[in-house]
Amino acid sequence: MAALEIRDLHKHYGGFHALDGANLTVPEGSLYGLLGPNGAGKTTLMKTVAGLRRATSGRISLFGRPYDRRLLTQVGALLESPGLWPQLDAVTHLRIHARLRGVPQTRIDEVLGLVNLTEVRTRKVAKYSLGMRWRLGIAIALLGRPRLVVLDEPMNGLDPVGIRDMRATLRSLTETGTTVMVSSHQLAEIAQLCDHVGVLVAGRTAYEGPMDGLAVDGDLEEGFFRLLEKAGSGVR
């Protein structure tokens with residue numbers, strides 16, 4: 001079963017078509033990469049899935065059921081830099097969010113372990129690296145035990161150590177059965193992380209399938225840029 005299906009999805013802002021007939025299928029339990037140049041519609045698509053935008057037209061299904069806002073309890077999202085309080089520690093952040101969502105406090109230790117922040121759980125966020133802040137944001141998104149997690153550019157701005165830790169975190173989530181959809185405009189990063197990808201160009205799906213299916217004569221980068229050129233670059 002697919003965790004997420006998107007069919008002919010459109011999102012218009014006046015005469016601007018941020019999404020212009022996108023189609024995607026995200027397999028359940030996968031670590032799915034959403035690729036595309038800046039302005040391709042990746043963030044708009046993710047915000048629509050997370051309930052932060054309303055589609056102009058099209059169809060979304062979550063775990064085989066037609067999209068309904070009540071199903072958003074099954075979706076966790078981190079689509080911008082996490083909004084955190086520098087003078088609070090990780091445990092306090094999670095206690096606040098757990099109380100707001102009616103989540104048992106026992107879940108806090110579980111999510112801290114999932115994102116590998118247990119040892120720094122009482123350290124103030126002001127002393128966290130950018131990668132640690134992102135992982136705390138993911139922990140907050142995981143509090144409600146979502147079946148699907150969508151993350152927009154989680155590697156952006158991270159140093160090599162932060163990128164390595166983020167990769168490990170995302171892979172560990174799929175090992176627990178969580179489906180993870182992660183966007184990026186960096187082909188090399190998604191190539192190391194995901195086996196299955198979708199490529200958006202100008203709000204449309206230019207490719208969906210296995211990562212190696214993008215390659216031309218074994219060269220992923222060449223195949224990716226040929227795809228962008230064929231689709232008209234998608235930079236708007």
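What's counted below: heavy atoms across the whole structure, side chains too, no hydrogens, waters or symmetry copies. Small disclaimer: the values here were computed from a predicted structure and weren't measured.
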Checklist line | Trace of the side-chain hydrogen bond (donor to acceptor under 3.5 Å, both in side chains) decision for Asp152 with Ser183 | finding: CA-CA 5 Å; Asp152 190 20; Ser183 76; 2.4 Å; yes
Quick check: are there more than 12 heavy atoms from other residues, nucleotides or ligands sitting under 6.0 Å from [atom1] of [X]?
| X | atom1 | result |
| --- | --- | --- |
| Glu110 | CD | yes |
| Asp159 | CG | yes |
| Glu221 | CD | no |

Shortest non-hydrogen separation from [X] to [Y] and the atoms involved:
| X | Y | result |
| --- | --- | --- |
| Val120 | Tyr128 | O-OH, 2.7 Å |
| Leu114 | Arg107 | CD1-NH2, 4.3 Å |
| Tyr67 | Leu72 | OH-CD2, 3.4 Å |
| Leu45 | Ala22 | CD1-CB, 4.2 Å |
| Tyr207 | Gly213 | OH-CA, 3.2 Å |

Notebook entry, point to check: Quick one: are Val197 and Glu208 in side-chain contact, heavy atoms under 4.5 Å?
Noted result: no
May I ask you to say whether [X] pairs ionically with [Y], meaning some side-chain N is under 4.0 Å from a carboxylate O?
| X | Y | result |
| --- | --- | --- |
| Arg226 | Glu222 | yes |
| Arg121 | Asp109 | yes |
| Glu189 | Arg167 | yes |

Check: Between Tyr32 and His196, how do the two ring planes meet: parallel, tilted or perpendicular, split at 30° and 60°?
Finding: tilted
Check: Hey, are Arg7 and Thr25 close enough side-chain-wise for a donor-acceptor pair under 3.5 Å?
Finding: yes
Check: Transitively linked via ILVMFWY side-chain contacts under 4.5 Å: Leu227 with Leu35?
Finding: yes
